[in-house]
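Report on the following structure.
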Amino acid sequence: MNALTEIKDRFSQSLSGLVDDPSQLLALIRPAGNPEHGDYQANCAMPLGKKLGKPPREVAGELVEAIKLDDFCQSVEIAGPGFINLKLDNDWIKQRLNAALTDERLGVAKVADPRTYVIDYSSPNVAKPMHVGHIRSTVIGDALTKVLRFVGHQAISDNHLGDWGTQFGMIIYGYKNFVNEEAYQSSPVNELGRLYKYVRQLMDYHAAAKNLPLKLEELETAQALLNKLESEPEPTDKSEKKKAKKAIKRGADKVKDLTETIYGHLNEETGNLVGGLKQNIAKVESSPQAKSDAEAHPEIGTAVQAETAKLHEGDPENKMLWEEFLPSCLADIQRIYDRLDIQFDHVLGESFYHDELANVVNDLEAKGFTQVSDAAVCIFLENYETPMIVQKCDGAYLYSTTDLATIKYRMEQWSADACLYVVDFRQSEHFAKLFEVASKWGYNESELTHVSFGTVLGDDGKPFKTRSGDTVNLERLLDEAEARALMVAREQNAELPSERHQEISSIVGIGALKYADLSQNRSSDYKFSYEKMLATKGNTATYLQYAYARVQGIVRKTEADMEAIRANPVEFVFDQPIERQLGVKLIQFGEALDEVLVDYKPNILCNYLHELAQLFAQFFSQCSVKDAGSEALKISRLQMCDLTARTIKTGLEVLGIKVLDKM
RNA sequence: GCCCCCGUAGCUCAGCUGGAUAGAGCAACUGACUUCUAAUCAGUAGGUCGCAGGUUCGAAUCCUGCCGGGGGUGCCA
C-alpha cells in the first residue's frame, strides 16, 4: 500500500459518514505542491465546509480529530482556508523504503482486480514506408501495454495492420504494368515501394489534370468575390461591419486554400513549394517515361480500384500476388520494430477479418440497426449528422465494418474487459460512432477507449501530411538518432571499444526518440523537430540513463555487494534533507504508475522519473557514498542508490527504454 | 453551416475532475571538474497563463462571448 492510498483509505471512512460519495473529496488528496506544506495535502475540507454550512477550518479540525494518522504522519497541520497538510513520519518512510528495497516489484502491489486489456496500436499501412507520424501510436501503445502488465493486468497487444486496402490494389496494378523484374528479384521491398510511389504519382497526375481547370475557375471566382467585398464601403452599423469583416476573412481564407491546393505551400526550411496540383502534374511531365505511362493509363484510378475489388473477391491471380508481396512488406516494417524493440502478441490485420464482414453486416441488418440510404448500408445515430456506413453502394465494405468485426473478435476470443485504440486524434468522431454502434450491437459491458494523440506537425506548424511530399522517413530518423548518440558516446568514453559505442548509441538514440514522444502529453499536437527528438541533454531519456549509469559507477567504485546488502538491509539514514526528499519520491513510484492509467498518459511517468533523477543528481552532488563518514550511512546511501537505479530502470523499462551500466 | 481540439517564459512543452508564490527543458548570463561519470550541479534573468466578462473564500484550470491557429464533417483509412 502506498502512502496516498493509505491516506485516502483513512479519510474515506470518516468522509463516508458525511457525504454519499466520498470519491470526489478523496480525489482532492494529493502530494503537496510545495515542500513547505509537507508531503501530502488534503483539500477536502473547503468543499465539505460549504456543503455542511460550517467554516472549512472547523471541518478540517474535526476531520483531523476523527482520523487516525499519527501512526505514519509526523505532523498534521491545518493551514490557510482549511488545507490539511500531512508530513510523513520518517520511520514510516524508512520502513517503506526497506520494503521496496527487498521487493523485486519495488513495493508496488499488483492490482486486486486484474482486467484484460486489448491495446490496438501502431497499425501502419504496410506497403507504404513508415514515417515519423507512425512513431507516436507505436511508442505510446507499447508503453501503456507494459505499464498495464507491470501493475498486474493482462494486456494483449494487437497490431491491426492496414494490409488489405487500396494500397495493395496500387502495388498489384504497378506490378502488372510497370515492374522492373530485375530490380524486383534483387530487392522486392524496394521495387514494391517504387511501384507504390509510381502508381500514386500517376494517379495524382490524372486527378490533378482533371481538377486543375475546376480549381482555377474556383480560385478566379473566389478572388473576384474577395475583390468585390474589399472594394465595398465599410458599413457604419457595428454588427454589419463585423459581418463584412468576417466575410472578407472567409474569402481571403478560401483564396489562400485554393492557391495552396493549386500551387502547393512553401516549405520554410527548403524554400520549395510542396504539394499542389501543379506540382503533381509537373512531376510527371518532367519525366518522359512517366509522361508516356500516364498517357497510356488514363483510367489508372478506376483500374486500381478494380484490382483492389478483385483481390477482395478472391481473384486467384491477385490473391497470389498479395500472398507473394505481403511477406516482403511485413519484413520491411519488422526491421523497424526490431530496432525499436517492440513486439506484438498478435498481428491481425484487416485481411484477417475480411471473411467476417458480410456476417457483420447481415447481423446488423437482422437486428434492425441498419437503413439503406443512397444504396449504401448505413447506421444512423443520434447526435451525428452523418451515418456510419458499413457497406458501400457498390457492395464493398469499409474500415468501419472491419472495426466492428474486430471488436466482435476481441470480445469473443479474448473476453476483453477493455479495448484501447491508440490512434490519431483526427479519427475521434469515427471512434465515437464506432463505440456507439458496438454498444448497440451488444458490446456494452466493456470499456472502449480511443486513446487519441495529437497530430504531428511540421516545422511550419502545419500538419505533417504524407501528400506534402517531404515526410521524414522513420528509418532514417532512427539512423540519425543513433548517429548523433554515437558521436557523443565516442567523445565521452574514448577508451571503450567501438562495439560498446555502437551498443550505447543504439540504446541512447532510440531511448531519446521514444522519450521525446512519451514525455509529451499525448493529446497535444506534436511539433516535429530533429532537435527535440534527438536531444540527449535536459529532460530526456539520456538524463535518466545517465543517473542509472552513475549509480553503477558508485557500486563499482565502492566495490559494494548489492546482493548481500539487499539480503541484509540496514535502516535508512536521513543525514541530509535531500536524502529524505529522495526517499519520499522513491516510495511514490506506484502512485505514478496508477496515475498513468487513470487517463492512459505515459508522460506522467516521465515526469515522475525526471523528478526522481533530478533529486538523485542533487543527492549525488551533495552526499558522497564512498566518503560517507560512517559505515551505517554509507550502506544507507548505497541502498538509496540501488533503489533509485532500480526504480529508474523499471520505470524506463515499462516505457520501452533500456538502461546501460556505463555510458 | 455544424462539431472537436489548441493558444502558458525568446523556443519546445508540463500543469487543466478549481487550491497556497504558475513549473521544467532548451537558448542567454554567472559560477563549479586533481573528487562516486560535467550526457552533471548551483545560481541569475525571463510570464497581463490569447482578450473581455461571469461563477466563488479561491480561476491557467469551470461557464459565456470575441480574436487567432488546427482538425473533422456518407460511401479513404
Side-chain angles (χ1 to χ4, degrees), chain A residues 23-24 27-28 30 32-34 36-37 41 43 46-47 49-50 55-56 79-83 85 123 125 162 165-167 242 249 350 373-378 380 383-394 396-400 402-403 423-430 432 452 454-455 457 461-463 485 488-489 491-493 508 516 519-521 523-527 529 531-532 535-540 542-543 545-547 549-558 598-599 603-604 606-607 610-611 614 617-618 620-628 637-638 641 662-663:
Chain A
S23 66
Q24 286 200 336
L28 298 175
R30 53 189 64 159
N34 184 336
E36 282 174 27
H37 301 141
Q41 54 178 307
N43 303 341
M46 281 87 81
K50 183 174 279 181
F83 296 105
N85 291 334
S123 315
N125 267 334
T166 314
Q167 74 272 27
K242 213 167 167 184
K249 193 185 170 306
E350 291 170 343
S373 167
D374 292 338
V377 182
C378 303
F380 286 89
N383 307 325
Y384 293 98
E385 256 184 87
T386 56
M388 166 169 265
I389 300 178
V390 291
Q391 190 171 18
K392 297 204 278 187
C393 57
D394 65 359
Y397 301 105
L398 294 102
Y399 76 130
S400 315
T402 312
D403 278 349
V423 180
D424 191 311
F425 150 79
R426 285 177 283 188
Q427 292 189 40
S428 43
E429 190 173 319
H430 162 70
S452 69
T455 313
L457 305 175
K462 295 222 162 170
V488 186
E491 235 170 73
Q492 294 291 325
N493 263 311
V508 169
S519 61
Q520 196 154 333
N521 184 328
S523 62
S524 316
D525 280 349
Y526 187 110
K527 198 163 193 172
S529 93
E531 179 96 347
K532 183 165 65 187
T536 58
K537 285 165 73 179
N539 183 2
T540 61
T542 314
Y543 182 79
Q545 289 164 328
Y546 184 65
R550 282 173 134 186
V551 170
Q552 304 315 311
I554 293 174
V555 174
R556 269 195 306 276
K557 284 282 164 62
T558 54
V598 170
D599 267 325
N603 68 309
I604 290 175
C606 293
N607 288 347
H610 182 239
E611 282 162 15
Q614 274 184 318
Q618 288 175 44
F620 182 87
S621 62
Q622 292 172 29
C623 304
S624 174
V625 176
K626 210 171 60 185
D627 306 315
R637 286 180 175 172
L638 276 168
C641 286
K662 258 187 188 174
M663 59 186 278

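Nothing here was measured: the structure is a model prediction, and the numbers come from that model. To find a chain, count down the sequence lines: A is the first, B the second, and so on, and within it residues start at 1.
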Atom [atom1] of [X] to atom [atom2] of [N]: distance rounded to whole Å?
| X | N | atom1 | atom2 | result |
| --- | --- | --- | --- | --- |
| A:Gln492 | B:rA39 | CD | P | 4 Å |
| A:Ile604 | B:rC13 | CD1 | P | 18 Å |
| A:Arg550 | B:rA39 | CZ | P | 8 Å |
| A:Phe83 | B:rA20 | CZ | P | 6 Å |
| A:Glu385 | B:rC4 | CD | P | 12 Å |
| A:Phe620 | B:rC41 | CZ | P | 11 Å |
| A:Met663 | B:rA38 | CE | P | 12 Å |
| A:Tyr384 | B:rU73 | OH | C1' | 12 Å |

Within the modelled atom types, does a donor on one side and an acceptor on the other bring the side chain of [X] and the base of [N] under 3.5 Å apart?
| X | N | answer |
| --- | --- | --- |
| A:Asn34 | B:rU21 | yes |
| A:Asp424 | B:rA77 | no |
| A:Ser373 | B:rG74 | yes |

Would you classify [X] as touching base, sugar-phosphate or nothing, given that sugar-phosphate means primed atoms plus P, OP1 and OP2, and contacts are heavy atoms under 4.0 Å?
| X | value |
| --- | --- |
| A:Pro47 | base |
| A:Ala489 | base |
| A:Arg30 | sugar-phosphate |
| A:Ile389 | base |
| A:Met388 | nothing |
| A:Asn85 | base |

- Message: I want to confirm an ordering. Mapping A:Ser519 and A:Ser624 to their closest nucleotides on RNA chain B, which one lands closer to the 5' end?
- Response: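 This one resolves to A:Ser519.
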
- RNA chain B: A:Glu350 or A:Ser621, which has the more 5' nearest nucleotide?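 Its nearest nucleotide lies further toward 5', so the answer is A:Ser621.
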
Roughly how many Å apart are [M] and [N], using the [atom1] atom of each and rounding to a whole number?
| N | M | atom1 | value |
| --- | --- | --- | --- |
| B:rG18 | B:rC63 | C1' | 13 Å |
| B:rU73 | B:rU12 | C1' | 32 Å |
| B:rC29 | B:rA9 | C1' | 16 Å |
| B:rU17 | B:rA59 | P | 16 Å |
| B:rG68 | B:rA52 | C1' | 15 Å |
| B:rC36 | B:rC41 | C1' | 14 Å |
| B:rU34 | B:rA39 | P | 14 Å |

Between [options], which one does the side chain of [X] approach most closely?
| X | options | answer |
| --- | --- | --- |
| A:Phe380 | B:rG15, B:rG1, B:rG74 | B:rG74 |
| A:Tyr546 | B:rA20, B:rA39, B:rC76 | B:rA39 |
| A:Pro81 | B:rU40, B:rC57, B:rC2 | B:rC57 |
| A:Ala27 | B:rC13, B:rU17, B:rG72 | B:rU17 |
| A:Thr386 | B:rA39, B:rC2, B:rG74 | B:rG74 |
| A:Glu429 | B:rG72, B:rC41, B:rG19 | B:rG72 |
| A:Val625 | B:rU40, B:rA39, B:rC36 | B:rC36 |
| A:Lys557 | B:rC13, B:rC36, B:rA39 | B:rC36 |
| A:Gln41 | B:rG15, B:rA20, B:rC41 | B:rA20 |
| A:Lys50 | B:rA38, B:rG19, B:rC57 | B:rC57 |

- Heavy-atom side-chain contact between A:Val508 and A:Gln545 under 4.5 Å: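 A side-chain contact under 4.5 Å exists here.
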
Does [X] have a side-chain nitrogen or oxygen under 4.0 Å from the phosphate oxygens OP1 or OP2 of [N]?
| X | N | result |
| --- | --- | --- |
| A:Asn603 | B:rG15 | yes |
| A:Gln552 | B:rU37 | no |
| A:Asn521 | B:rC13 | no |
| A:Gln24 | B:rU17 | no |
| A:Ser428 | B:rG71 | no |

- Task: Could you tell me the separation between the OH atom of A:Tyr397 and the CD atom of A:Glu350, rounded to the nearest 0.5 Å?
- Result: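 Rounded to the nearest 0.5 Å, the OH-CD separation comes to 15.0 Å.
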
- Item | Between CZ on residue A:Arg426 and OG on residue A:Ser452, distance to nearest 0.5 Å |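 One gets 12.0 Å once the value is rounded to the nearest 0.5 Å.
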
- Task: Could you pull out all residues at least two apart from A:His610 that satisfy ring-ring contact (aromatic ring centres under 6.0 Å, His included)?
- Result: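 By the ring-ring contact (aromatic ring centres under 6.0 Å, His included) rule, A:His610 matches A:Tyr543.
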
- Message: So, using side-chain hydrogen bond (donor to acceptor under 3.5 Å, both in side chains) as the criterion, who are the partners of A:His430 when residues are at least two apart?
- Response: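 Checked A:His430 against side-chain hydrogen bond (donor to acceptor under 3.5 Å, both in side chains); matches are A:Tyr399, A:Asp403.
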
- Message: Is it the case that the side chains of A:Asn125 and A:Gln167 hold a donor-acceptor pair, with the cut-off being a distance below 3.5 Å and no angle test?
- Response: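 Judged by distance alone, the side chains do pair up.
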
- Query: Would the number of heavy atoms belonging to other residues, nucleotides or ligands and lying under 6.0 Å from CD of A:Gln24 be above 12?
  - Reply: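 At most 12 heavy atoms, drawn from other residues, nucleotides or ligands, come within 6.0 Å of this atom.
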
- Would you give a per-nucleotide map of nucleotides 23-35 of chain B, 5' to 3', where B means the base has a protein non-hydrogen atom under 4.0 Å away, S means only the sugar-phosphate does, and - means neither? -SSSS--------

- Item | Residue list, salt bridge (Lys or Arg N to Asp or Glu O under 4.0 Å) with A:Asp599, at least two apart or on another chain |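 With neighbours one apart ignored, the set is empty.
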
- Message: Once salt bridge (Lys or Arg N to Asp or Glu O under 4.0 Å) is applied, do any residues pair with A:Glu385, and if so which ones, sequence neighbours excluded?
- Response: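 Scan of A:Glu385 (salt bridge (Lys or Arg N to Asp or Glu O under 4.0 Å), adjacent residues dropped) gives none.
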
- Query: If pairs are Watson-Crick or G-U with both distances under 3.5 Å, what is the dot-bracket string of RNA chain B, marking crossing pairs with [ ] and pairs to another strand with |?
  - Reply: (((((((..((((.....[...)))).(((((.......))))).....(((((..]....))))))))))))....

